[in-house]
J.: 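Right, I'll just put the structure down here and ask away after.
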Amino acid sequence: MSPCPDLEVLFAELEAGEGPGLDHAAECDACAALMEDHRLLEQDLFRLADPLPPASLVVNVMARVAQSPVPQRREVWTGLAILLTSLGAGLGFLFTSDQALGRMGTGFASTVGNSRAFLEGLFSGAHALWSTAGVAVACFIAVVVLSSLFGLKRLVGSPPPSLSEA
Ligand SMILES: [Zn+2]
């Protein structure tokens, strides 16, 4: 009977599937016991590295998916759309009213011609426009704030207020 092979040689032959070491281990109780230990250890290592998922995994995942609050995401987008639309409308109004101020100033300049009168006219025109359009601006800001609050309420998830409340 040949002497017991080196462990590394034995395991290398085990990987290859053949070799004099394996032939020896088939007749040697000590080497056969070693190889059996190695087999069990390898099995445990594979189990640690790649644990099998529990049998109920798919059922659990599907249950979670069914329960997940998909509508909340839609609520967020609705609220964002409301916020962006109202903000855009408010900014657009401010921009156009600024243009209106500029047109009024140019009109006064061409009518009066005198720089002092132009400045006075410009200021009084701007003041007049502000005093009349100021209410509209204030109303617009109120609308923007209210619609923002409406959007925030929807984000929080409380039942949306009725149109009259908004
Ligand atoms: Zn041996």
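Because the structure is a prediction, the values reported are computed rather than measured. Atoms within each ligand, like the ligands themselves, are counted from 1 in listed order.
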J.: So, are Arg39 and Glu36 salt-bridged, with charged N and O less than 4.0 Å apart?
T.: yes
J.: Please report the shortest heavy-atom distance between Cys4 and Cys28, naming the atom on each side.
T.: SG-SG, 3.9 Å
J.: To the nearest 0.5 Å, tell me how far Ile82 CD1 sits from Ser148 OG.
T.: 9.5 Å
J.: Dump the intermediate steps for side-chain contact (heavy atoms from CB on, under 4.5 Å) on Asp44 and Arg47, then the final yes or no.
T.: CA-CA 5 Å; Asp44 284 348; Arg47 206 174 294 150; 3.7 Å; yes
J.: State the count of protein N/O/S atoms located less than 2.8 Å away from the Zn ion (ligand 1).
T.: 4
J.: Give me each pair satisfying salt bridge (charged side-chain N to carboxylate O under 4.0 Å, His left out) with a member in residues 8-32, each pair once, sequence neighbours excluded.
T.: none
J.: Taking the side chain as C-beta and beyond, is there a heavy-atom pair between Val145 and Ile141 under 4.5 Å?
T.: yes
